[in-house]
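The structure appears right after this line, and notes come after that.
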Amino acid sequence: MTLEEKITHLKTTSMEQARAEGNAIIDSHQEALDKVFEDHKAEALRQSETRIKAETTNAKLALNQALAKSQLEIKRKQGKIQQELKDKIFEEAQDLIHAFMKTEAYDDFLIRCILSAVRFAGTDPVTVYINLSDEKKKTELEDATQVHLTVSAEDFIGGVRSVIRSRNILIDNSFQTQLKDQYDKFIFEGGDGIG
């Protein structure tokens with residue numbers, strides 16, 4: 001082999017070896033870059049999933065808070081409307097009571113209450129109070145029951161209150177007490193009632 005052939009051969013061999021080493025370095029570097037890219041991509045996906053979960057949780061929490069607030073507002077409005085209806089119902093009940101107090105049935109009711117209190121008292125003295133609005137009926141009721149009646153200074157709408165002081169007993173057949181008891185017990189059925 002001539003010197004020129006040797007040089008050409010050496011040059012060709014060196015170039016091939018240099019190319020192979022260069023390609024190996026490039027491939028190794030490419031693999032490293034691919035791994036860095038894949039790691040970065042995986043980390044970005046993990047972070048985005050974590051963020052999506054956090055945002056979803058925050059959105060659910062905000063929705064639940066908004067629902068709770070609107071439910072409270074609905075209950076408050078419902079309670080207010082129910083209270084207004086309850087008051088209206090009992091205003092109408094009072095009107096019906098006043099109408100009833102103008103009937104003979106009311107007079108019969110008073111007589112029954114008076115006689116019942118006297119029977120309950122037995123031999124103990126009893127004071128029977130009628131309402132101020134029934135003062136005109138006093139004589140008629142006394143004649144019917146043979147019981148001395150006292151006109152109450154306190155307005156209890158209508159009915160009768162009887163007191164047996166020796167036994168500390170109040171027999172309360174007043175409309176005021178009965179209305180108050182019914183008002184306190186009244187609840188709208190079929191929903192959130194109010195007391």
Side-chain angles (χ1 to χ4, degrees), residues 53-122 124-142 144-145 147-195:
K53 283 180 185 174
E55 291 297 326
T56 303
T57 301
N58 288 341
K60 285 179 181 175
L61 183 62
L63 179 62
N64 287 341
Q65 287 173 341
L67 283 172
K69 186 177 177 184
S70 66
Q71 284 177 339
L72 283 173
E73 183 61 21
I74 288 168
K75 283 187 178 184
R76 188 189 65 76
K77 285 180 181 175
Q78 181 185 19
K80 184 180 175 189
I81 290 167
Q82 285 182 341
Q83 185 64 49
E84 289 170 0
L85 286 172
K86 180 178 177 179
D87 291 341
K88 188 173 180 185
I89 287 168
F90 278 85
E91 281 172 24
E92 290 176 10
Q94 251 184 317
D95 291 342
L96 291 171
I97 287 170
H98 289 302
F100 171 68
M101 288 171 65
K102 295 174 185 170
T103 66
E104 285 184 24
Y106 175 62
D107 296 344
D108 292 341
F109 169 77
L110 292 175
I111 291 168
R112 282 197 312 275
C113 289
I114 294 164
L115 293 175
S116 174
V118 170
R119 274 194 307 275
F120 182 80
D124 292 324
V126 59
T127 305
V128 180
Y129 294 94
I130 60 171
N131 199 55
L132 185 61
S133 60
D134 295 325
E135 186 173 13
K136 292 177 182 173
K137 300 178 188 219
K138 182 175 184 270
T139 305
E140 183 185 321
L141 291 170
E142 286 177 335
T145 61
V147 175
H148 173 70
L149 302 175
T150 305
V151 178
S152 174
E154 178 192 347
D155 180 12
F156 49 78
I157 301 174
V160 174
R161 284 182 176 166
S162 305
V163 178
I164 307 169
R165 285 190 172 77
S166 61
R167 292 193 261 166
N168 290 324
I169 292 176
L170 168 67
I171 303 168
D172 194 345
N173 292 311
S174 69
F175 292 160
Q176 181 184 49
T177 301
Q178 291 177 27
L179 266 175
K180 185 183 180 308
D181 287 348
Q182 292 305 312
Y183 186 89
D184 291 343
K185 290 184 214 170
F186 187 86
I187 293 175
F188 284 93
E189 296 294 335
D192 289 336
I194 54 172

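- The structure places CD1 of I130 at 12.5 Å from NZ of K136, a figure rounded to the nearest 0.5 Å.
- In this view, K80 satisfies the salt bridge (Lys or Arg N to Asp or Glu O under 4.0 Å) rule with no residue, not counting sequence neighbours.
- Here OG of S162 is found 11.0 Å from CD1 of I169. Values are rounded to the nearest 0.5 Å.
- Within the structure, salt bridge (Lys or Arg N to Asp or Glu O under 4.0 Å) contacts touching residues 57-70 (residues at least two apart or in different chains) do not occur.
- Note that NZ of K77 and CD1 of I74 are 8.0 Å apart. Values are rounded to the nearest 0.5 Å.
- Residues satisfying the ring pair (Phe, Tyr, Trp, His ring centres under 6.0 Å) criterion with Y106, sequence neighbours excluded, are F100, F175.
- Remark: F156 pairs with no residue by the ring pair (Phe, Tyr, Trp, His ring centres under 6.0 Å) rule, at least two apart or across chains.
- When all heavy atoms of G158 and M101 are compared, the closest pair comes out as CA-CE, 3.8 Å.
- Taking R76 as the reference, E73 meet the salt bridge (Lys or Arg N to Asp or Glu O under 4.0 Å) condition, with sequence neighbours excluded.
- Here F120 pairs with nothing under the ring pair (Phe, Tyr, Trp, His ring centres under 6.0 Å) rule; sequence neighbours left out.
- At least one donor-acceptor pair closer than 3.5 Å links the side chain of T145 to the backbone N or O of L141.
- Atom CD1 in I114 sits 10.0 Å away from atom CZ in F109 (nearest 0.5 Å).
- The minimum heavy-atom distance linking V126 with A121 is given by the pair CB-CB, 3.8 Å.
- A cation-pi arrangement is absent between K86 and F188, since the terminal nitrogen or guanidinium carbon is not both under 6.0 Å from the aromatic centre and inside a 45° cone about the axis.
- Looking at residues two or more places apart in sequence or on another chain, you find a side-chain contact (heavy atoms from CB on, under 4.5 Å) between Q94 and I157, L179.
- Residues satisfying the salt bridge (Lys or Arg N to Asp or Glu O under 4.0 Å) test with E142, not counting sequence neighbours, are K138.
- Tested against L149 for a side-chain contact (heavy atoms from CB on, under 4.5 Å), the candidates V128, T139, D134 yield a single pass: V128.
- Residue pairs meeting the salt bridge (Lys or Arg N to Asp or Glu O under 4.0 Å) criterion with at least one partner in residues 153-174, sequence neighbours excluded, are D124-R167, E154-R161, R161-D172.
- Qualifying side-chain contact (heavy atoms from CB on, under 4.5 Å) partners for I81, counting only residues two or more places apart in sequence or in other chains: L85.
- With sequence neighbours excluded, no residue forms a salt bridge (Lys or Arg N to Asp or Glu O under 4.0 Å) with D87.
- With values rounded to the nearest 0.5 angstrom, L110 atom CG is found 9.5 Å from N173 atom CG.
- Sorted by first and then second residue, the salt bridge (Lys or Arg N to Asp or Glu O under 4.0 Å) pairs involving residues 94-111 (not counting sequence neighbours) are D107-K137.
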